[in-house]
**Q** 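First the structure, which I've put down as structure tokens, then a few questions once you've had a look.
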Number of protein chains: 2
Amino acid sequence: MSLRHAMLGLLADRPASGYDLMKRFETSLSNVWPATQSQVYGELGKLAKSGLLKVAAEGPRGRKEYAITEEGLVELRRWLTETEPERVRRSDAMLRVFFLNLLTPLEAVAYLSTEAGRAAERHAALEELEGVVDWGDDPLSVNGRLALEYGLRFSAMYEEWARWAAEQIEGQPHTGRAG
Amino acid sequence: MSLRHAMLGLLADRPASGYDLMKRFETSLSNVWPATQSQVYGELGKLAKSGLLKVAAEGPRGRKEYAITEEGLVELRRWLTETEPERVRRSDAMLRVFFLNLLTPLEAVAYLSTEAGRAAERHAALEELEGVVDWGDDPLSVNGRLALEYGLRFSAMYEEWARWAAEQIEGQPHTGRAG
DNA sequence: TTTTGATATGTCAGAGTTGGAATGTCGGTT
DNA sequence: AACCGACATTCCAACTCTGACATATCAAAA
């Protein structure tokens with residue numbers, strides 16, 4: 001469960017309320033770890049209870065500002081240095097590839113071309129983002145930049161792969177299995 | 001929820017029992033959609049109840065062989081052609097990248113180098129697999145080959161990115177934030 | 001003064017996922 | 001005859017995730 005660590009990581013930068021955290025999830029982490037309100041508030045309570053966070057200040061409207069504790073920092077560093085990222089990641093998109101033979105070659109090629117197009121769009125959106133964001137030397141944005149570069153490389157790779165795969169199918173004798 | 005569709009897809013190839021299905025998950029789909037016994041058997045029941053599968057035969061040891069129904073095939077094709085793959089995928093590995101500034105540059109570089117190494121290992125394992133598997137013209141393996149190529153490209157891209165990211169950190173002035 | 005919109009915190013039901021335990025059968029070997 | 005390994009299913013507890021719902025405050029505009 002990495003939601004816990006995503007939250008600790010954000011709070012290591014600076015304290016925040018649940019609401020603040022949600023906004024930070026949306027702007028910086030949404031592409032690698034989306035989270036919903038119910039998750040964030042729920043986890044905030046659990047983390048405070050277990051001592052990894054503490055309520056640092058209370059404000060208007062019942063606002064509670066949470067700060068990471070020494071214990072939380074230790075846990076966060078432990079996670080970063082001593083645990084391995086999950087090896088297998090589910091991929092809806094790749095799952096479909098296994099079953100492409102259930103479609104006509106035409107349909108399969110259409111699917112792959114659409115995927116290639118979507119990857120190109122994502123790539124363009126990330127390039128756009130790169131131009132817009134203020135890449136100061138604030139540590140979070142240094143790292144954000146590494147992640148952005150990953151996104152750019154990933155979407156480029158995916159687009160190329162999808163176009164290649166479409167070609168494979170086009171150049172293949174029909175088996176007449178579907179359609 | 002794609003477990004449902006993964007199972008329909010496997011059964012579209014040929015009928016199978018829960019036990020058979022588990023083996024097929026382990027050998028072919030484990031890299032894109034892992035599943036546990038409890039999930040498979042549970043879903044098998046639900047799918048049969050809703051008419052997308054039927055019990056085609058019963059064998060020794062209470063074995064029930066499930067086959068996809070016409071309705072199931074329709075649903076599978078609908079999923080393939082009319083629904084979009086999920087856009088955002090959680091990535092444990094990228095999440096860590098955002099918080100690399102909490103480590104010393106040395107530790108961060110070590111993390112990225114380890115990741116590069118793991119990617120290289122995965123790449124080698126997939127190359128190995130490519131050599132071993134009998135790539136006949138059985139439709140599932142045609143598609144499996146497309147997925148394998150994706151895996152090869154992905155791991156190569158990831159390794160390069162991780163090495164590049166490590167260089168970025170090495171070439172960066174220290175801020176003394178951690179360590 | 002009323003209303004609206006942004007701020008702010010929370011609960012709930014339902015679905016999905018994990019990992020393990022419990023149970024039993026069949027075929028072949030010792 | 002006893003045993004083992006492969007076959008085969010079912011149930012369970014705990015946890016995570018999603019999406020919707022409920023509630024309330026504050027500032028500023030209408």
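Below, each value reflects all heavy atoms present in this structure, side chains not excepted, and no hydrogens, waters or symmetry copies.
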**Q** Are Glu75(A) and Arg4(A) close enough for a salt bridge, meaning some N to O gap below 4.0 Å?
**A** no

**Q** For Leu3(B) and Phe25(B), which heavy atoms make the closest approach, and how far apart are they?
**A**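 Smallest interatomic distance, heavy atoms only, reads CD1-CZ, 3.9 Å.
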
**Q** Who are the salt bridge (charged side-chain N to carboxylate O under 4.0 Å, His left out) partners of Arg61(B), not counting sequence neighbours?
**A**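 For Arg61(B), no residue satisfies salt bridge (charged side-chain N to carboxylate O under 4.0 Å, His left out) once neighbours in sequence are set aside.
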
**Q** Hey, where on DNA chain D does chain B first and last touch, going 5' to 3'? Cut-off is any atom under 4.0 Å from a heavy atom.
**A** dA6(D) to dT18(D)

**Q** Just say parallel, tilted or perpendicular for the rings of Trp79(A) and His5(A), cut-offs at 30° and 60°.
**A** parallel

**Q** Nearest whole Å is fine: how far is dA8(C) C1' from Asp20(A) CG?
**A**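 In whole Å, dA8(C) C1' lies 10 Å from Asp20(A) CG.
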
**Q** Nearest whole angstrom, please: distance from the C1' of dT7(C) to the CD of Glu58(A).
**A** 16 Å

**Q** Would you call Arg163(B) and Glu159(B) a salt bridge, taking side-chain N to carboxylate O under 4.0 Å as the test?
**A** yes

**Q** Using every non-hydrogen atom in the two residues, find where Ser2(A) and Asp92(B) come nearest and quote the distance to one decimal.
**A**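 Answer, listing the atom of Ser2(A) first, then Asp92(B): OG-OD1, 3.3 Å.
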
**Q** What string of B, S and - do you get for nucleotides 18-28 of chain C, 5' to 3', when a contact is any protein heavy atom under 4.0 Å?
**A** BBBB--BBB--

**Q** Using atom CD of Glu65(A) as one end and atom C1' of dA8(C) as the other, report the distance to the nearest whole Å.
**A**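 That distance rounds to 13 Å.
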
**Q** Round to a whole Å and report the spacing from CG of Leu21(A) to P of dA8(C).
**A**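 Those two atoms, CG and P, are 13 Å apart.
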
**Q** Is there a side-chain contact (heavy atoms from CB on, under 4.5 Å) between Tyr158(A) and Glu115(A)? Walk through the geometry before answering.
**A** CA-CA 8 Å; Tyr158(A) 190 72; Glu115(A) 282 291 283; 2.5 Å; yes

**Q** So, OP1 or OP2 of dT9(C): does either fall under 4.0 Å of a side-chain N or O from Tyr19(A)?
**A**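 Answer is no, no contact under 4.0 Å.
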
**Q** What nucleotide, of dT17(C), dG10(C), dT9(C), holds the atom closest to the side chain of Arg63(A)?
**A**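 Closest of the options to the side chain of Arg63(A): dT9(C).
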
**Q** Got Arg153(A) and Glu160(B) here, is their nearest side-chain heavy-atom distance under 4.5 Å?
**A**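 The answer is yes; the side chains approach within 4.5 Å.
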
**Q** How long is the line joining NZ of Lys23(A) and P of dA8(C), in whole Å?
**A** 6 Å

**Q** Using a 4.5 Å cut-off on heavy atoms from C-beta on, say whether the side chain of Leu146(A) contacts that of Trp164(B).
**A**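 They are in side-chain contact.
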
**Q** Separation of Glu43(A) atom CD from dT9(C) atom P, in whole Å?
**A**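 Atom-to-atom, Glu43(A) to dT9(C), this comes out as 16 Å.
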
**Q** Classify the nucleic acid contact of Lys46(A) as base, sugar-phosphate or nothing, counting any heavy atom under 4.0 Å across all strands shown.
**A**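 Sugar-phosphate: the residue Lys46(A), judged by heavy atoms under 4.0 Å, touches backbone atoms but no base.
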
